[in-house]
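Notes follow the structure.
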Amino acid sequence: MTTWLPLVLRRMPLSLPICCIVIGASLAWSGLTLLPRTNPLTNMGLAEHMTELVVIVALMGAGLKLDRPIGWKRWIITWRLLGIAMPLSIAAIAGLGWYILGLGPASALLLGAALAPTDPVLASDVQVGPPQTGEKDEVRFALTSEAGLNDGLSFPFVMAAIALATNTGSNVEWIGRWFIVDVLWRLVAGLVVGWAIGRVLGYFTFRLPESGQIAKTGDGLAALGFTFISYGATELIHGYGFVAVFVTALTLRSVERHSVYHEELHNFGEQIERVLMMILLVFFGATLAEGTLFFLVDWRVVLVAVLVLAIVRPVAGWTSLLGCRHPQAERIIISVFGIRGLGSIYYLAYASGVAKFQGIEIVWVTVFLIILLSIMVHGISVTPVMQWIDRRRGVDSLKPMPAVVDGGR
């Protein structure tokens with residue numbers, strides 16, 4: 001199923017996540033399913049750790065398939081999306097949560113922080129292709145690099161929401177500690193540890209004498225080991241593991257940029273990511289079909305969901321790209337395709353397990369509805385849009401890419 005469905009869906013205005021949700025809903029409505037029909041609020045630990053796992057695997061894959069070396073000018077669209085579009089999105093979504101949904105400051109900020117990042121898992125259809133395949137137009141590159149970094153960079157805002165929820169009243173002493181620990185320390189730790197582990201793993205993979213190189217094994221399973229080493233080491237010192245995993249992947253690529261072993265690592269990681277994604281989305285569909293959470297949906301939740309997808313992300317993205325020389329059509333696509341997904345569920349599960357948030361049920365149902373609408377709208381439109389981009393580049397996206405010749409060791 002994980003192999004056949006993506007092959008069939010390549011030529012259809014339909015996505016694998018949509019099919020998984022339909023499968024999950026069908027199983028939940030049938031009398032034969034063994035799937036649990038539970039609200040995630042009653043199964044917080046499982047929701048947190050499963051989404052955490054699929055996100056870090058996706059981040060490793062996203063970093064490995066970026067052919068472009070990191071740099072200020074080369075990544076200028078990414079820096080704009082991270083530095084302008086994401087804060088604008090967080091502020092706007094938090095404002096909608098406060099004004100329309102009636103949430104308190106902590107819950108509104110949590111809603112904004114959870115929904116601002118482009119999801120690295122569900123955004124795979126708008127990302128660059130495997131390493132050295134040539135599928136690296138500006139739209140795909142921007143959305144891939146943004147998804148790789150913004151999950152970690154939105155974490156300080158999640159931590160700020162937790163601090164707000166646990167420091168009631170007029171006490172503002174938490175702001176200094178939040179800035180020093182949750183912003184400076186955790187981000188710097190993620191960047192430094194991610195880079196250091198990437199360099200060490202790069203040495204063992206490509207620089208040792210040939211008999212001892214990991215690359216000579218051709219074993220893609222190492223991708224999981226690299227992911228867990230980077231994430232675990234960073235979390236041990238209370239850094240942002242999401243940032244570290246992506247930086248590790250970028251650093252590993254830079255050690256030996258043209259080796260075909262990167263493709264082996266990426267392909268194995270992508271298979272694991274797809275299996276995990278399908279499992280989680282089947283459960284997501286079953287949860288939607290069970291209906292307990294969606295009894296809380298009203299016109300306010302629907303209005304916020306529509307505004308987030310149709311107004312907030314497109315306007316924030318477009319604003320961040322003002323002044324760029326890229327074609328207007330590409331800037332529009334980058335602005336619109338800010339897909340929301342499993343990372344948002346992780347943030348909510350993590351924060352809900354640490355602090356008590358007023359109106360958390362409304363936050364959950366809003367996030368679930370936005371994820372569902374994003375999967376449906378973006379899933380239906382992604383195939384024709386990406387094919388249009390490829391036609392502009394003179395590439396047939398339905399043909400397999402030519403084999404890569406190893407230019408490395």
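Residue numbers start at 1 and run along the sequence shown.
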Taking everything shown except [X] itself, do over 12 heavy atoms lie less than 6.0 Å from its [atom1]?
X: Trp318; atom1: CH2; answer: yes
X: Trp195; atom1: CH2; answer: no
X: Trp98; atom1: CH2; answer: no

Checklist entry - Does the pair Tyr350 and Ile162 meet the rule for a side-chain contact (heavy atoms from CB on, under 4.5 Å), with working shown? => result CA-CA 10 Å; Tyr350 173 83; Ile162 293 172; 3.8 Å; yes
Next on the checklist: Can you tell me how the ring of Phe155 sits relative to the ring of Tyr240, calling it parallel under 30°, perpendicular over 60° and tilted otherwise?
Outcome noted: parallel
Drop me the distance from [X]'s [atom1] to [Y]'s [atom2], to the nearest 0.5 angstrom.
X: Arg186; Y: Ile237; atom1: CZ; atom2: CD1; value: 10.5 Å
X: Ile77; Y: Arg325; atom1: CD1; atom2: CZ; value: 12.5 Å
X: Leu59; Y: Leu149; atom1: CG; atom2: CG; value: 9.0 Å
X: Phe246; Y: Thr251; atom1: CZ; atom2: OG1; value: 10.0 Å
X: Asn167; Y: Trp174; atom1: CG; atom2: CH2; value: 7.5 Å
X: Leu115; Y: Ile370; atom1: CG; atom2: CD1; value: 4.5 Å

Do [X] and [Y] touch side chain to side chain, with heavy atoms closer than 4.5 Å?
X: Trp185; Y: Ile180; answer: no
X: His262; Y: Leu252; answer: yes
X: Phe228; Y: Leu53; answer: yes
X: Asp119; Y: Ser344; answer: no
X: Val54; Y: Ile279; answer: no
X: Leu111; Y: Ile362; answer: no
X: Phe284; Y: Leu342; answer: no
X: Ile76; Y: Arg80; answer: yes

Using every non-hydrogen atom in the two residues, find where [X] and [Y] come nearest and quote the distance to one decimal.
X: Gly239; Y: Ala189; result: CA-CB, 3.8 Å
X: Gly63; Y: Arg253; result: O-CG, 3.9 Å
X: Val139; Y: Ile333; result: CG1-CG2, 3.7 Å
X: Ala244; Y: Thr234; result: CB-OG1, 3.0 Å
X: Ser230; Y: Thr248; result: OG-OG1, 2.7 Å
X: Ile93; Y: Val312; result: CG1-CG1, 3.9 Å

Item to check | No-hydrogen, no-angle side-chain donor-acceptor test under 3.5 Å, His266 and Glu263 | outcome: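 His266 vs Glu263: no donor-acceptor pair found between side chains.
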Next on the checklist: Testing the 3.5 Å rule here: is there a donor-acceptor pair between the side chains of Glu256 and Tyr261?
Outcome noted: no
Item to check | From CA spacing to verdict: side-chain contact (heavy atoms from CB on, under 4.5 Å), Leu64, Phe226 | outcome: CA-CA 11 Å; Leu64 286 174; Phe226 295 169; over 6 Å; no
Checklist entry - Given the rule in the side-chain contact (heavy atoms from CB on, under 4.5 Å) test, do Phe368 and Ile345 qualify, once you have shown the distances and angles that lead to the verdict? => result CA-CA 8 Å; Phe368 263 48; Ile345 297 177; 4.1 Å; yes
Verify, without hydrogens or angle tests, whether [X] (side chain) and [Y] (backbone) share a donor-acceptor contact under 3.5 angstrom.
X: Trp29; Y: Ala289; answer: yes
X: His378; Y: Arg340; answer: no
X: Ser374; Y: Ile339; answer: no
X: Ser352; Y: Ala349; answer: no
X: Trp79; Y: Lys73; answer: no

Checklist entry - Given Leu281 and Ile18, is the side-chain contact (heavy atoms from CB on, under 4.5 Å) satisfied, shown in steps? => result CA-CA 9 Å; Leu281 289 180; Ile18 294 176; over 6 Å; no
Checklist entry - Quick one: is the NZ or CZ of Arg68 closer than 6.0 Å to the six-membered ring centre of Phe141, and within 45° of its axis? => result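 Because its charged atom sits under 6.0 Å from the ring centre and within 45° of the axis, Arg68 does stack over Phe141.
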Checklist entry - Could you walk me through whether Glu146 and Arg313 pass the salt bridge (charged side-chain N to carboxylate O under 4.0 Å, His left out) check? => result CA-CA 13 Å; Glu146 180 200 11; Arg313 163 64 191 204; 2.7 Å; yes
Checklist outcome for this item: Given the options Val301, Val306, Leu307, Leu303 meets side-chain contact (heavy atoms from CB on, under 4.5 Å) only with Leu307
